[in-house]
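Worksheet: the structure to be examined is printed underneath.
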Amino acid sequence: MQIVHALQQWWQHQTWLEITGVITGLLCVYLAAKNNIWNWPFAIISVTIYVFIFFEARLFADMGLQVYFLAMNVYGWWYWSRRPANEKKIPVARITKKEVAISAVAIIIFTILLGSLLKYTPASFPYLDSFCTACSLVAQVFLARKVLENWLIWIFVDVVYVGVYIFKDLHLTALMYAIYVAIALMGYLDWKKDWIRGRKETKSKIQETRN
């Protein structure tokens, strides 16, 4: 009975705004992991809600990140719609060494600059928040461009965010990010299968052309 009572009290402290953000957030990540283009409209709804949630929690870097996500979700929806005439979906790509180097430099610079600014505000965890924000910026670009390794970045970032949101008493959001970790792992495995399948199909077409 004590557990039930504790759960009831916990549930009463959750807001419908956060509940809606969690549900749409989970839907968009699951659909993205399944390579389904309809992840984008759910993503747009979720990030719009979290602009307000993170403002109230004084996680200003995360709030700004949601605005960026909103723009990238619109772009991702457009990019995924531009599939080749002979393809059902945009093919999965792999990250290049150049992209790894550029991303690493961008994350370091962004973390230092934003963290240095946020430490003069009431923001919580200015440098950690900025680092996760920088990683998320890069991961979102790779997700929109269908680069397989975006899921590895998300797994790392989501693990860190679970701890941050537990500390900020955003327990439902922390639970959502814990589920994100599992979904991101599923997404990586599924997308890798699609990439391998795509390579085999490309090789078959090349061989047929040569013959």
What's the spacing between Arg82 CZ and Ile90 CD1 if we round to 0.5 Å?
6.5 Å
For Ser103 against Val138, the heavy-atom pair lying closest together
OG-CG1, 3.5 Å
Considering all heavy atoms of both residues, which atom of Ser130 and which atom of Gly115 are nearest to each other, and what is their separation?
OG-N, 3.2 Å
Check the pair Phe52, Phe55 against ring-ring contact (aromatic ring centres under 6.0 Å, His included), reporting the backbone distance first and the verdict last.
CA-CA 5 Å; Phe52 299 99; Phe55 176 78; 8.5 Å; no
Measuring from Glu18:CD to Glu56:CD, what's the distance to the nearest 0.5 Å?
11.5 Å
State yes or no: do Leu117 and Leu137 share one hydrophobic cluster built from I, L, V, M, F, W and Y residues joined by side-chain heavy-atom distances below 4.5 Å, directly or via other members?
no
Whether Trp191 and Trp80 hold their rings parallel, tilted or perpendicular, with breakpoints at 30° and 60°
tilted
Do Trp77 and Ile44 touch side chain to side chain, with heavy atoms closer than 4.5 Å?
yes
So OG1 of Thr48 and CD1 of Ile53: to nearest 0.5 Å the spacing works out to 11.0 Å
Exactly one of Asn73, Asn150, Ile153 should register a side-chain contact (heavy atoms from CB on, under 4.5 Å) with Gln140. Which one does?
Asn73
Among the clusters formed by ILVMFWY side chains lying less than 4.5 Å apart, do Trp38 and Met186 turn up in the same one?
yes
Within-4.5 Å side-chain heavy-atom neighbours: Ser46 and Tyr50
yes
Which atom of Met176 lies closest to which atom of Val22, heavy atoms considered
SD-CA, 3.3 Å
Apply side chain to side chain contact (heavy atoms under 4.5 Å, CB included) to residues Val160 and Leu128 and explain how you reach the verdict.
CA-CA 9 Å; Val160 176; Leu128 178 61; 3.8 Å; yes
Kindly indicate whether the side chain of Cys132, heavy atoms from C-beta on, has any atom under 4.5 Å from the side chain of Val164.
no
When you measure from the side chain of Thr24 to the backbone of Thr20, do you find a donor-acceptor pair of N or O atoms at a distance under 3.5 Å?
yes
Would you say that more than 12 heavy atoms from the other residues, nucleotides or ligands in this model lie under 6.0 Å from the CZ of Phe125, or not?
yes
Closest heavy-atom pair and its distance - Gly21, Ile49
N-CD1, 3.8 Å
Ring-plane angle category for Tyr161 and Tyr165, please: parallel below 30°, perpendicular beyond 60°, tilted otherwise.
parallel
Can you find a heavy atom in the side chain of Ile112 that is under 4.5 Å from one in the side chain of Ser116?
yes
Which heavy-atom pair separates Ala174 from Ile166 by the least distance, and what is that distance?
CB-CG1, 3.6 Å
Are side-chain heavy atoms of Val159 and Tyr177 found at a separation under 4.5 Å?
no
Taking side chain as C-beta onward, heavy atoms only, is Leu185 less than 4.5 Å from Trp151?
no
Gap between atom OG1 of Thr111 and atom CG of Asp129 - 0.5 Å precision
10.0 Å
Of all residues at least two apart in sequence or in a different chain, which pass the salt bridge (Lys or Arg N to Asp or Glu O under 4.0 Å) check with Glu149?
Arg94
Please report the C-alpha distance between Arg197 and Asp194 in whole Å, then the side-chain angles of each, then the deciding distance to 0.1 Å, and finally whether the side chain to side chain contact (heavy atoms under 4.5 Å, CB included) criterion is met.
CA-CA 5 Å; Arg197 190 182 306 116; Asp194 285 345; 2.5 Å; yes
With clusters defined by side-chain heavy atoms of hydrophobic residues (ILVMFWY) lying less than 4.5 Å apart, directly or transitively, does Tyr127 cluster with Leu114?
no
Does atom NZ (Lys168) have a neighbourhood of more than 12 heavy atoms from anything else shown, all under 6.0 Å?
yes
Quick check against the 3.5 Å criterion: does Asn39 have a side-chain atom that pairs as donor or acceptor with the backbone of Asn36?
yes
Of all heavy-atom pairs linking Tyr79 and Ala144, the shortest is CD2-O, 3.1 Å
Using side-chain heavy atoms (C-beta onward) and a distance below 4.5 Å, is Ser136 in contact with Tyr68?
no
Would you mind reporting whether Ile196 and Lys200 have side-chain heavy atoms less than 4.5 Å apart?
yes
Should Val51 and Trp16 be regarded as members of a common hydrophobic cluster, given that ILVMFWY residues are connected when their side-chain heavy atoms come within less than 4.5 Å of each other, either directly or indirectly?
yes
Flag for Asn35-Lys146: side-chain donor and acceptor within less than 3.5 Å
yes
Just verifying a value: how many Å separate Leu27 CG and Phe42 CZ, rounded to the nearest 0.5 Å?
5.0 Å
State yes or no: do Ile108 and Ile95 share one hydrophobic cluster built from I, L, V, M, F, W and Y residues joined by side-chain heavy-atom distances below 4.5 Å, directly or via other members?
no
